[in-house]
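Reading through the structure tokens given below for one structure.
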Amino acid sequence: MDDSTSASNATANVLEVKDETISVASAFPGHQEAVQDRDHKFLTKAVEEAYKGVECGDGGPFGAVVVRKDEIVVSCHNMVLRNTDPTAHAEVTAIREACQKLNQIELADCEIYASCEPCPMCFGAIHLSRIKRLVYGAKAEAAIAIGFDDFIADALRGTGFYQKAQLEIKKADGSGAVIAEQVFEKTKEKFTLY
């Protein structure tokens, strides 16, 4: 094997292309596990916010956390009932508070962790804020199952917004997804839809 073949094989191990997305995860042993642990930590905080919002009567079982440089900027929950504001979803509230706290309207150096797949409004806010990465726990169907509008999943999957945005989107897996799904089942008796 000559040097050019060896270099070519090294490059093949560094870059993975799947669905037109380039990943370097395979280049670093343990990298994916570290990312999963990190994602789990922040997603768990978003799920805690979802429970908190229902417990204090502020709104539905949804939470969101904005993170910058591995630090939580803000941690928020749905405030629709408290603020008498149908736009006060967890993600929108988190984006508003993060922008105020950081004194900037673009959050291009931030990530957002949402306990549930964002609705079209929240996805639009995430896109407009230029957040670079979205990690969500539960699928929209978990919210639909307890009575939230089913337009959420249909609108998101039918418009191609996700595919066209310059945003990395990851559906959590493993225990992160499980705890995020459980928030709906565990709060359905305490939270009644308006």
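These values consider heavy atoms only, across backbone and side chains, with no hydrogens, waters or symmetry-generated copies. Note that the numbering runs from 1 along the sequence shown for the chain.
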Quiz item: Which class fits the ring pair Phe148 and Phe184: parallel under 30°, tilted 30 to 60°, perpendicular over 60°?
Solution: perpendicular
Quiz item: Do any N or O atoms from the side chain of Glu181 and from the backbone of Lys139 form a donor-acceptor pair under 3.5 angstrom?
Solution: yes
Practice problem: Using a strict cut-off of less than 4.0 Å between a Lys/Arg side-chain nitrogen and an Asp/Glu carboxylate oxygen, indicate whether Glu111 and Lys170 qualify as a salt bridge. | Solution: no
Quiz prompt | Value rounded to 0.5 Å, distance of CD in Glu49 from OG1 in Thr93 | solution = 10.5 Å
Quiz prompt | Nearest heavy-atom neighbours spanning Val47 and Ala180 | solution = CG2-CA, 3.7 Å
Quiz item: Which distance, rounded to the nearest 0.5 Å, do you find between the NZ of Lys69 and the CG of Asp109?
Solution: 6.0 Å
Exercise. Return the set of residues passing side chain to side chain contact (heavy atoms under 4.5 Å, CB included) with Lys41 (not counting sequence neighbours), or none when no residue passes.
Key: none
Self-check item: Gap separating the CD atom of Glu141 from the CD1 atom of Ile146, nearest 0.5 angstrom
Solution: 13.5 Å
Quiz item: Given Asp173 and Gln36, is the side chain to side chain contact (heavy atoms under 4.5 Å, CB included) satisfied, shown in steps?
Solution: CA-CA 8 Å; Asp173 52 12; Gln36 285 178 338; 3.6 Å; yes
Practice problem: Examine Phe62 and Leu81 and state if one hydrophobic cluster contains both, with Ile, Leu, Val, Met, Phe, Trp and Tyr joined whenever side-chain heavy atoms are less than 4.5 Å apart. | Solution: yes
Quiz item: At their closest point, which heavy atom of Ser115 faces which heavy atom of Leu43, and how far apart are they?
Solution: CA-CD1, 4.3 Å
Quiz item: Can Val66 be reached from Leu102 by stepping across I, L, V, M, F, W or Y side chains whose heavy atoms are under 4.5 Å apart?
Solution: yes
Practice problem: Determine the sole option in His40, Glu91, Arg133 for which the side chain to side chain donor-acceptor pair (under 3.5 Å) test with Tyr113 is passed. | Solution: Arg133
Self-check item: Cationic N near anionic O, under 4.0 Å, Arg68 to Glu71
Solution: no
Practice problem: Please report the shortest heavy-atom distance between Ala114 and Ala46, naming the atom on each side. | Solution: C-CB, 4.3 Å
Exercise. Determine, using the 4.5 Å side-chain heavy-atom cutoff (strictly less than), whether Val73 and Val65 are members of one ILVMFWY cluster.
Key: no
Practice problem: State plainly whether one hydrophobic cluster holds both Val74 and Leu134, where clusters connect Ile, Leu, Val, Met, Phe, Trp and Tyr through side-chain heavy atoms under 4.5 angstrom apart. | Solution: yes
Quiz item: With a cut-off of 6.0 Å (strictly less than), are more than 12 heavy atoms of other residues, nucleotides or ligands near CD1 of Ile105?
Solution: no
Practice problem: Check the hydrophobic clustering (I, L, V, M, F, W, Y; side-chain heavy atoms under 4.5 Å; chains of links allowed) and say if Val67 and Val135 are grouped together. | Solution: yes
Exercise. State the NE2-CZ distance between His77 and Arg82, to the nearest 0.5 angstrom.
Key: 7.0 Å
Quiz item: Quick check: are there more than 12 heavy atoms from other residues, nucleotides or ligands sitting under 6.0 Å from NZ of Lys52?
Solution: no
Quiz item: What's the spacing between Ile112 CD1 and Leu107 CG if we round to 0.5 Å?
Solution: 8.5 Å
Quiz item: Are any side-chain N or O atoms of Lys171 and backbone N or O atoms of Gly137, one a donor and one an acceptor, separated by less than 3.5 Å?
Solution: yes
Quiz item: How long is the gap from CD1 on Ile179 to OH on Tyr51, to the nearest 0.5 Å?
Solution: 8.0 Å
